[in-house]
Colleague: 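What follows is a single structure, and I will ask about it in a moment.
The model shown is predicted, which means the values in this text are computed figures rather than measured ones. Hydrogens, waters and symmetry mates are skipped; everything else that's a heavy atom, side chains included, is used.
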Amino acid sequence: MHAMNDATPARPPVAVRKPSSVTHHGITVSDDYAWLRDPGYPEVNDKEVLEHLAAENAWFEARMASHQGTIDALFKEMRGRIKEADKSVPQKDGDFLYWIEFEEGAEYKKWWRRPVGAADDGSADELILDETALAEGKEYFRLGAISTTKDGRLLAYSVDDNGSERFTARIKDIASGVHLPDEIPGTLSALIWVANDKGLIYSLANEQWRTDNARLHWLGQPVAEDIELYHEDDEGFRVSASLSANEQWIIISAGDHETSEVRLVPAADPLAEQILVRPREKGLEYDVDEREGTLFIHANDTHENFRIATAAIERPGEWTTLIEGSDEFYLTGFELFRDFYIVEGRLGGLDRLEIRYYDDLARIEPIEFPEASYTAGTGNNPEYEQTVIRVSYESMISPSSTYDFHVAERRLELLKVQEIPSGYDRSLYTTARLEIAARDGTAIPVSVMYRKDRVGAGPLHLYGYGAYGIAIPPGFSTTRLSLVDRGFAYAIAHIRGGDDLGRRWYKAGKLESRVNTFTDFVDVAKGLVELGLTKVGKISISGGSAGGELMGAVINSDPALWGAVVAHVPFVDVLATMLDASLPLTPGEWPEWGNPIEDRAAFELIQSYSPYDNVKAQAYPPLLVTAGLNDPRVTYWEPAKWVARLRELKTDGNELLLKTNMGAGHGGKSGRFESLKETAEEFAFILWQMGIKA
């Protein structure tokens, strides 16, 4: 417990130690801070837990109070780079053009449309959803799914207003603005109109926050009578549903991090017999679309970087290779259109889009982009019969751009460049893609940007993630400029564990190879020092979730390298979480980390690197940690326990701050400006600890 006699605490809170332990495989693990998990979770009402979190928040406020001027200045700067009154490029879908719009000062979007062919003077514009109105009076607001019927008459959408990632779905008559009585609480999925707009497919989150189902709601019928189309019995698998490109089929997919299984059912008759494409096999991942009776399958059965195969829908399991898998080209997916299809992938770690044709297999037309390092992808392309493809593009120094690619002419047409109202001169900056050798000799790609007038080994911010096969693209960030314009270089380490260089890159940072992720990050930092871009102790680092685990690991192993560390909702109590099958994510995570309940080797490996379990008596760098009370992904007690143990054991006098969002979840605060305040706090902390004037 904490004595809170004064509004401004004089010293950091010290969590009481309550001896507790668990034993697995004959190994006993002690945990004096296990009590910080409220026994009533997901409800958090325990007085002692809430008092401790409040005390940590008070300490955060007290220590940051003298830097409020910096926070305000950074926030104003960041906000000045956002075009307040902004809108997306309209896109045709059926009889309407749709777009989203932010009004001056608004945290949230408005969704608009107008009939195709109507005048672009506002006279025919129709507001179909107003997020600002829906969010009014709420501390947190997030729109989940949004979907209009084919005839454009009804709108289905879902909302989370506390950060728990459980969404309530509603249906609205667009013309009248009246909501239908149909209301579905607890969804965690897309909302898909089927059966001539009379049915809605969705998935519910179960008690463990897993989508183990695909359900059908008939418009106007009681939700209690909704029909479960599919139920998944494997607690590690998640279920999702989508429509085929031609909207003829409902695609029901089940899978975990390494295995998948797909069923098809006619969209016109969702209760018809389902077609199982191929039964699940451990390690086989595949996804499916359909065109004129032919299935197109993206699968890793013959090559870890995937191939594309085809099959007749009558014989869905008999696959014939269309595009071979390749060591060089990581084939990440495809999109079908009536007259052509797009193959998406990465070549040498850089995004590549290829137009291909059904009637001419040799005809391959890559979309060419101008820079050496960039990220690009297809945008919103809702119609099957498109002749023009919406494409997005950006780099670390090129703001986000929206293009139309005219397929027949092979021509990119620039529609919009992200506008930065306070000004941005691209010519002041440079970007490079480096390779730095890890300790085992593997070349690790690093994307870096800095001002051309930067001199010598100055401060550098290094970002990393490295998990789940999620690549971190070298994209543009307006907030990042607040560090770069103060002399920082900004680097992204494309470490193993992500799939930046293909599936092998991902596998080389998971399970028994997990430690590569951490050593890669450290070796990149040391390599950047050797290249003269920075110095030991002048490197600030950040990462969130699994990237927060990365932060915890590298401050345990190499604390002196870092000048400041920010860990957002960090997954640091890896062993205890992977030992608890009742937690929402755990069973589905075992293919990523290992199952320490059943496998002693997995237990010992996770115990050897889990940041919480490896805190020791040593000097640690300055550290800012964030958490979300309602976070179902990284539960609030992980960062709380970690900070408590660090306070107990660390031998330095450096700052250690924990800020828990009491009304938000994994993503922090909602709203485009509210979230900027948290980034401003993060950067103010970094500047303070690095001794750099704001």
Colleague: Could you go step by step and tell me if Val391 and Leu353 meet the side-chain contact (heavy atoms from CB on, under 4.5 Å) rule?
Modeller: CA-CA 10 Å; Val391 174; Leu353 302 174; 4.1 Å; yes
Colleague: Only pairs at least two apart or in different chains count here, so list each ring pair (Phe, Tyr, Trp, His ring centres under 6.0 Å) that has a residue in residues 349-369.
Modeller: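 Qualifying pairs, neighbours excluded: Phe296-Tyr358, Tyr341-Tyr358, Phe369-Tyr374, Phe369-Tyr393.
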Colleague: If we ignore angles and hydrogens, is there a donor and acceptor under 3.5 Å between the side chains of Asn213 and Glu232?
Modeller: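 The criterion, which ignores hydrogens and geometry beyond distance, is not satisfied for Glu232 and Asn213.
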Colleague: Could you tell me whether the side chains of Glu285 and Thr259 share a donor-acceptor contact shorter than 3.5 Å?
Modeller: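 No, Thr259 and Glu285 have no side-chain donor paired with an acceptor closer than 3.5 Å.
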Colleague: With rounding to the nearest 0.5 Å, note down the distance linking CZ in Arg238 to OG in Ser253.
Modeller: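 Rounded to the nearest 0.5 Å, the CZ-OG separation comes out at 14.5 Å.
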Colleague: Which atom names give the shortest non-hydrogen contact between Thr586 and Ala581, and what distance separates them?
Modeller: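 For Thr586 and Ala581, the tightest heavy-atom pair comes out as CG2-CA, 4.1 Å.
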Colleague: Roughly how far, to the nearest 0.5 Å, is CG of Leu264 from CD1 of Ile252?
Modeller: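 Spacing of CD1 (Ile252) from CG (Leu264) equals 8.5 Å.
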Colleague: Check whether any side-chain heavy atom of Val239 sits under 4.5 Å from a side-chain heavy atom of Tyr230, and report yes or no.
Modeller: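 They are in contact (side-chain heavy atoms under 4.5 Å apart), so the answer is yes.
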Colleague: Hey, does Arg113 have a side-chain heavy atom less than 4.5 Å from the side chain of Leu97?
Modeller: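 Counting from C-beta outward, Leu97 and Arg113 never come under 4.5 Å.
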Colleague: Would you give the length of the straight line joining atom CZ of Arg600 to atom CG of Leu605, rounded to the nearest 0.5 angstrom?
Modeller: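 The distance works out to 13.5 Å.
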Colleague: Indicate yes or no: at least one non-hydrogen side-chain atom of Thr378 is less than 4.5 angstrom from one of Ile389.
Modeller: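 Contact flag for Thr378/Ile389 side chains = yes.
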Colleague: Keeping Ser158 on the side-chain end and Ala145 on the backbone end, is there a donor-acceptor pair under 3.5 Å?
Modeller: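 Judged by distance alone, yes, a pair lies under 3.5 Å.
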Colleague: Without hydrogens or angle criteria, can the side chains of Arg215 and Tyr202 be said to hold a donor-acceptor pair below 3.5 Å?
Modeller: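 Yes - a donor-acceptor pair under 3.5 Å links their side chains.
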Colleague: Show the nearest heavy-atom pair for residues Ile492 and Pro473, with the distance to one decimal.
Modeller: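 The answer is CD1-O, 3.8 Å.
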Colleague: Hey, are the side chains of Phe603 and Ile606 touching, using non-hydrogen atoms and a 4.5 Å cut-off?
Modeller: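 The answer is no, as the side chains (C-beta and beyond) never meet within the 4.5 Å cut-off.
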Colleague: Out of curiosity, Leu200 CG to Asp226 CG, how far, rounded to the nearest 0.5 Å?
Modeller: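 Going from the CG atom of Leu200 to the CG atom of Asp226 covers 9.0 Å.
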Colleague: Does a donor on one side chain and an acceptor on the other come within less than 3.5 Å for His494 and Ser447?
Modeller: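 Yes.
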Colleague: Of the non-hydrogen atoms in Tyr506 and Gly497, which two are nearest, and what is the gap between them?
Modeller: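 Result for this residue pair: CD1-O, 3.2 Å.
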Colleague: Could you pull out all residues at least two apart from Glu344 that satisfy salt bridge (charged side-chain N to carboxylate O under 4.0 Å, His left out)?
Modeller: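 Testing Glu344 for salt bridge (charged side-chain N to carboxylate O under 4.0 Å, His left out), a comparison that skips the adjacent residues, returns none.
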Colleague: Go through the steps to decide whether Glu512 and Arg514 satisfy the test salt bridge (Lys or Arg N to Asp or Glu O under 4.0 Å), and finish with yes or no.
Modeller: CA-CA 6 Å; Glu512 63 277 356; Arg514 180 61 185 154; over 6 Å; no
Colleague: Mind checking the CG-CG spacing from Asp327 to Asn305? Nearest 0.5 Å is all I need.
Modeller: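 The CG atom of Asn305 is 7.0 Å from CG of Asp327, to the nearest 0.5 Å.
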Colleague: Taking side chain as C-beta onward, heavy atoms only, is Tyr403 less than 4.5 Å from Leu415?
Modeller: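 A side-chain contact is absent here, since even the closest heavy-atom pair is not under 4.5 Å.
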Colleague: Could you please spell out the steps behind the salt bridge (Lys or Arg N to Asp or Glu O under 4.0 Å) verdict for Arg390 and Asp404?
Modeller: CA-CA 5 Å; Arg390 188 67 48 88; Asp404 268 349; 2.7 Å; yes
Colleague: Please report the closest heavy-atom contact between Ile444 and Ala438, naming both atoms and the distance.
Modeller: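 It is CG1-CB, 3.9 Å.
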Colleague: How close do Gly186 and Arg166 get, counting heavy atoms only, and between which atoms?
Modeller: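 That closest heavy-atom pairing would be CA-CB, 4.5 Å.
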Colleague: For Arg356, which residues count as a salt bridge (charged side-chain N to carboxylate O under 4.0 Å, His left out) partner, sequence neighbours excluded?
Modeller: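 By the salt bridge (charged side-chain N to carboxylate O under 4.0 Å, His left out) rule, Arg356 matches Glu354.
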Colleague: For side-chain contact (heavy atoms from CB on, under 4.5 Å), just list the numbers for Leu216 and Val194, CA-CA rounded to whole Å, side-chain angles, deciding distance to a tenth of an Å, and then say yes or no.
Modeller: CA-CA 9 Å; Leu216 170 65; Val194 296; 4.0 Å; yes
Colleague: Please report whether the ring centroid of Trp505 lies less than 6.0 Å from that of Tyr330.
Modeller: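 Here the rings of Trp505 and Tyr330 have centres that are no less than 6.0 Å from each other.
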Colleague: Between Trp593 and Tyr609, is the gap from one ring center to the other below 6.0 Å?
Modeller: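 Between Trp593 and Tyr609, the centre distance exceeds or equals 6.0 Å.
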Colleague: So does Arg280 pair up with Glu258, basic N to acidic O under 4.0 Å?
Modeller: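 Looking at Glu258 together with Arg280, the answer is no, because their closest N to O distance does not fall below 4.0 Å.
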Colleague: Is the shortest side-chain heavy-atom distance between Pro270 and Trp218 below 4.5 Å?
Modeller: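 The answer is yes, as the side chains (C-beta and beyond) meet within the 4.5 Å cut-off.
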Colleague: Using side-chain heavy atoms (C-beta onward) and a distance below 4.5 Å, is Arg410 in contact with Pro366?
Modeller: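 With C-beta onward as the side chain, the pair touches.
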Colleague: In this structure, which one of Glu385, Glu247, Glu383 forms a salt bridge (Lys or Arg N to Asp or Glu O under 4.0 Å) with Arg338?
Modeller: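 When Glu385, Glu247, Glu383 are each tested with Arg338, the salt bridge (Lys or Arg N to Asp or Glu O under 4.0 Å) holds only for Glu385.
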Colleague: Any side-chain donor paired with an acceptor under 3.5 Å for Thr375 and Asp351?
Modeller: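 Side-chain D/A pair, Thr375 to Asp351: present.
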Colleague: Ring centroid separation for Phe340 and Phe337, is it under 6.0 angstrom?
Modeller: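 Judged by ring-centre distance (under 6.0 Å), Phe340 and Phe337 do meet the cut-off.
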Colleague: How long is the span from the OG1 atom in Thr442 to the CD1 atom in Ile495, to the nearest 0.5 Å?
Modeller: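 These two atoms lie 13.0 Å from each other.
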Colleague: Do Arg346 and Asp499 pass the salt bridge (Lys or Arg N to Asp or Glu O under 4.0 Å) test, and can you show the C-alpha distance, the side-chain angles, and the key distance before you say yes or no?
Modeller: CA-CA 10 Å; Arg346 283 198 289 279; Asp499 69 351; 2.6 Å; yes
Colleague: Does a sphere of radius 6.0 Å around CD in Glu324 hold more than 12 heavy atoms from other residues, nucleotides or ligands, not counting ones at 6.0 Å or beyond?
Modeller: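 No, CD of Glu324 has 12 or fewer neighbouring heavy atoms, counting only those of other groups under 6.0 Å.
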Colleague: Between Thr310 and Ile297, is a side-chain contact (heavy atoms from CB on, under 4.5 Å) present by the stated rule, with each step listed?
Modeller: CA-CA 6 Å; Thr310 57; Ile297 303 121; 5.7 Å; no
Colleague: Quick one: which residue pairs count as a side chain to side chain donor-acceptor pair (under 3.5 Å) with a foot in residues 291-300, not counting sequence neighbours?
Modeller: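 Passing the test, one end in residues 291-300: Asp287-His298.
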Colleague: Counting heavy atoms not belonging to Glu207, are there more than 12 under 6.0 Å from its CD?
Modeller: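 Result for CD/Glu207: open.
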Colleague: Within the 4.5 Å heavy-atom criterion, are Phe476 and Ser395 side-chain neighbours or not?
Modeller: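 The answer is no; the side chains never approach within 4.5 Å.
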Colleague: Which residue pairs pass the ring pair (Phe, Tyr, Trp, His ring centres under 6.0 Å) test when at least one of the two sits in residues 260-284, sequence neighbours left out?
Modeller: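 Residue pairs with at least one partner in residues 260-284: there are none.
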Colleague: Tell me whether the count of non-hydrogen atoms from other residues, nucleotides or ligands lying under 6.0 Å of CG in Asp95 goes above 12.
Modeller: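 Check fails, neighbour count at 12 or below.
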Colleague: Are Arg439 and Asp523 close enough for a salt bridge, meaning some N to O gap below 4.0 Å?
Modeller: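 Looking at Arg439 and Asp523, the cut-off is met.
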Colleague: Report the C-alpha separation of Arg496 and Asp520 in whole Å, then their side-chain angles, then the decisive distance to 0.1 Å, and conclude whether the salt bridge (Lys or Arg N to Asp or Glu O under 4.0 Å) test is met.
Modeller: CA-CA 7 Å; Arg496 286 174 282 187; Asp520 283 359; 2.8 Å; yes
Colleague: Could you note down all residue pairs passing salt bridge (charged side-chain N to carboxylate O under 4.0 Å, His left out) where residues 295-304 supplies at least one of them, sequence neighbours left out?
Modeller: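 Sorted pair list: Arg278-Asp301, Asp301-Arg307, Glu304-Arg504, Glu304-Lys507.
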Colleague: Looking at every non-hydrogen atom in both residues, tell me the closest pair between Ala467 and Glu592 and how far apart they are.
Modeller: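 Answer, listing the atom of Ala467 first, then Glu592: C-OE2, 4.0 Å.
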